[in-house]
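Shown next, in structure tokens, is the structure this report addresses.
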Amino acid sequence: MTRILIVGASRGLGRALVEGLPAPGDAVIGVSRRAPSDIQPAPNIELQWIEADMSDPSAAVQAISESAPGELDVIIYNLGIWESRAFEDDYRFDRDADTEIIDMINVNITGAILTLKHLIDRLKNSEKPQVILTGSTSAQRQCGRPEVTFGACKHALNGIADALREGYRDRRLAVTCLQLGYLNTDEMPSTKTQSASEASGEMIPLADVVTMTRALMTLSPASFVRELTLPAILDDRF
């Protein structure tokens, strides 16, 4: 049995991971502000939900620490919020509200660091301890995006990954940053053909991310993927 904790699990990619990632017999612990009422995990999956709002990282991590199992195999930090006008043609950094910037840093960086600090020891008995951080192609140098705070937050994940690897190298901790391009969050893995995103070539089907994440989890303990970049096939930045 693999015990997987997913922060940011109620919708979009997080929900796709809850519903499509675990194998029969696995246990999944979803974390989000509210537990969804219509989540549909695969048969023979043990599902637990923890309600925690990462905009208040200290309180959220306390709730997670109190409710999460004492032993885990995989921690996936999937949260990543962006500016209200991010990815719009009229985006301007100097128009971002200060409160919005602070909230982004709390959720995207502080939340990730505190979650890992308080849960990392629960991986110590795992045969293959693993941390997966959901990043973005905005984390890569000369990515062609102007969103300052979002880019800074996603760049920070690389620093977190590097430091975790050094600090827990003796425990053989595998840490991966998934640098993802534009996702089609309207299509779930249950949509077998993924027709809309495949046809356009401009967005990544969620099923592709689930497939790559599953591949990371099925590697032997002898290797790991440090960073994986997954852009859409027609993304002209790559």
Side-chain angles (χ1 to χ4, degrees), residues 1-9 11-31 39-47 72-80 112 116 119-120 123 126-140 154 157-158 160-162 164-165 168-169 171-185 187-195 197-198 201-235 238:
M1 178 180 74
T2 301
R3 296 151 297 192
I4 310 164
L5 183 136
I6 303 172
V7 180
R11 58 184 180 177
L13 176 58
R15 177 170 178 154
L17 292 170
V18 169
E19 294 186 347
L21 183 61
D26 288 347
V28 180
I29 304 93
V31 179
I39 200 84
Q40 296 180 345
N44 301 315
I45 299 299
E46 179 184 328
L47 178 63
L72 296 168
D73 298 290
V74 183
I75 298 173
I76 301 176
Y77 197 86
N78 177 58
L79 275 182
L116 292 167
L119 296 184
I120 198 73
L123 298 172
S126 174
E127 293 182 1
K128 186 188 174 186
Q130 192 164 21
V131 171
I132 299 173
L133 305 172
T134 299
S136 167
T137 51
S138 293
Q140 298 186 318
K154 292 307 182 179
L157 294 182
N158 279 320
I160 293 170
D162 285 343
L164 277 177
R165 275 288 297 159
Y168 293 87
R169 187 178 295 273
R171 296 191 188 179
R172 303 167 72 100
L173 178 66
V175 187
T176 302
C177 282
L178 285 177
Q179 311 295 22
L180 306 176
Y182 303 123
L183 298 177
N184 189 344
T185 56
E187 291 182 342
M188 297 301 289
S190 58
T191 306
K192 300 299 183 184
T193 61
Q194 297 291 332
S195 57
S197 48
E198 286 185 3
E202 296 177 352
M203 302 185 79
I204 302 163
L206 295 180
D208 286 353
V209 185
V210 174
T211 296
M212 295 308 301
T213 306
R214 187 182 300 115
L216 294 172
M217 290 175 53
T218 55
L219 291 173
S220 80
S223 61
F224 81 109
V225 176
R226 165 61 184 84
E227 186 174 15
L228 189 153
T229 302
L230 185 65
I233 195 69
L234 293 184
D235 191 330
F238 296 91

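From a predicted model like this one, the values you see are computed outputs, not experimental measurements.
Note that CG of Asp208 and OG1 of Thr213 are 10.5 Å apart. Values are rounded to the nearest 0.5 Å. Atom CG in Asp235 sits 6.0 Å away from atom OG1 in Thr137 (nearest 0.5 Å). To the nearest 0.5 Å, atoms CG (Leu164) and CG (Leu157) are separated by 10.5 Å. A distance of 8.5 Å separates CD1 of Ile6 from CG of Leu13, quoted to the nearest 0.5 Å.
The backbone N or O of Ala215 lies less than 3.5 Å from a partner atom in the side chain of Thr218, making a donor-acceptor pair. Side-chain atoms of Asp73 come within 3.5 Å of backbone N or O of Arg3 as a donor-acceptor pair. Side-chain atoms of Asp26 come within 3.5 Å of backbone atoms of Ala23 as a donor-acceptor pair (strictly under, hydrogens ignored). Checked by atom type and distance alone, the side chain of Glu19 never pairs as donor or acceptor with a backbone atom of Pro41 at under 3.5 Å.
Between Ile120 and Leu173 there is a side-chain heavy-atom pair separated by less than 4.5 Å. Between Val74 and Leu5, every side-chain heavy-atom pair lies at or beyond the 4.5 Å cut-off. For the pair Ile204/Val209, a side-chain contact is recorded, criterion being any heavy-atom separation below 4.5 Å from C-beta on. Contact annotation: the side chain of Met212 approaches that of Leu228 to within less than 4.5 Å [non-hydrogen atoms, C-beta and beyond]. By the 4.5 Å heavy-atom criterion applied to side chains, Leu21 and Ile76 are counted as neighbours. Between Leu230 and Leu178, every side-chain heavy-atom pair lies at or beyond the 4.5 Å cut-off.
What you find for Leu17 and Pro22 is that their closest heavy atoms are O-CD, 3.4 Å. Heavy atoms only, all atoms of each residue included: Ala112 and Ile160 are closest at CB-CD1, 4.4 Å. Across all their heavy atoms, Phe238 and Gln140 have their closest contact at CE2-OE1, 3.0 Å. The two atoms that bring Ala232 and Met203 nearest to each other are CB-N, 3.8 Å, heavy atoms only.
Taking the centre and axis of the six-membered ring of Phe224, the NZ or CZ atom of Arg165 falls inside the cone set by 45° and 6.0 Å.
Scanning for side chain to side chain contact (heavy atoms under 4.5 Å, CB included) contacts around Asn158 gives Ala139, Cys177, Gln179, Arg226, Glu227, with sequence neighbours left out. Scored by the salt bridge (Lys or Arg N to Asp or Glu O under 4.0 Å) test, Arg214 finds no partners at all (sequence neighbours excluded).
For Arg11, the CZ atom sits in a loose shell: 12 or fewer heavy atoms of surrounding residues, nucleotides or ligands are nearer than 6.0 Å.
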Cut-off 3.5 Å, no hydrogens considered: what does the side-chain donor-acceptor table look like for residues 127-134, sequence neighbours left out?
residue: Lys128; atom: NZ; partner: Leu216; partner atom: O; Å: 2.9
residue: Lys128; atom: NZ; partner: Met217; partner atom: O; Å: 3.0
residue: Lys128; atom: NZ; partner: Leu219; partner atom: O; Å: 2.6
residue: Gln130; atom: NE2; partner: Leu216; partner atom: O; Å: 3.2
residue: Thr134; atom: OG1; partner: Asn78; partner atom: OD1; Å: 3.2

Would you please test Leu183 and Leu206 for side chain to side chain contact (heavy atoms under 4.5 Å, CB included) and show each step? CA-CA 7 Å; Leu183 298 177; Leu206 295 180; 4.2 Å; yes
